[in-house]
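Below you'll find the structure, written out as structure tokens, and then a few comments.
Positions are given from 1 along the sequence.
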Amino acid sequence: MKIQFKDNTYTLRYSFRALMIYENITNHSFNPKGITDVVIFFYSVFVASAKDTNISFDDFIEWLDENPTSINEFSAWLTEVFAQQASLVNSSIKVEEKNEADEKN
């Protein structure tokens, strides 16, 4: 997902760095239960993806207030990322089950 922040375009990436930033901010693992969790994770993903940019949470919230559809775009993107990960996990499990069945034969 790409976002325009101030005069720059950033490509957001779901990463361990983003998850760790989120955990450092909230003191718990990412398990979204409301808009606050999603916004903090959005910020975490942005910070992790734009490592050379120094942006405060307040600046990010101001940007979000000026670009309210961005949260919907982020949520849709995140849902797609989770679906892709689930698909990869399911494919991996199927391969593992096939290998175990082949070993038994």
Residues, nucleotides or ligands: over 12 heavy atoms within 6.0 Å of N54 CG: no
To the nearest 0.5 angstrom, please state how far the [atom1] atom of [X] sits from the [atom2] atom of [Y].
X   : Y   : atom1 : atom2 : result
I21 : I40 : CD1   : CD1   : 13.0 Å
I55 : I61 : CD1   : CD1   : 10.0 Å
F46 : F60 : CZ    : CZ    : 7.0 Å
I35 : I71 : CD1   : CD1   : 4.5 Å
S44 : L12 : OG    : CG    : 11.5 Å

Does I25 share a hydrophobic cluster with L78, counting links as ILVMFWY side-chain heavy atoms below 4.5 Å and allowing steps through other members? yes
Quick one: do F57 and I3 end up in the same hydrophobic cluster if we chain Ile, Leu, Val, Met, Phe, Trp and Tyr together by side-chain heavy atoms under 4.5 Å apart? yes
Can you say whether the rings of F41 and F30 are parallel (under 30°), tilted (30 to 60°) or perpendicular (over 60°)? parallel
For residues [X] and [Y], determine if any side-chain heavy atom of one lies less than 4.5 Å from a side-chain heavy atom of the other.
X   : Y   : value
F16 : L19 : yes
E73 : N67 : no
Y43 : V39 : no
V45 : Y22 : no
L64 : S70 : yes

Heavy-atom closest contact ([X] atom, [Y] atom, distance):
X   : Y   : answer
M1  : F42 : CE-CZ, 4.5 Å
S15 : A48 : OG-CB, 4.0 Å
Y10 : T53 : OH-OG1, 3.0 Å
V38 : S75 : CG1-OG, 3.9 Å
E23 : S29 : OE2-OG, 3.2 Å

Look only at the side chain of W63 and the backbone of Q4, and say whether a donor-acceptor pair between them is shorter than 3.5 Å. yes
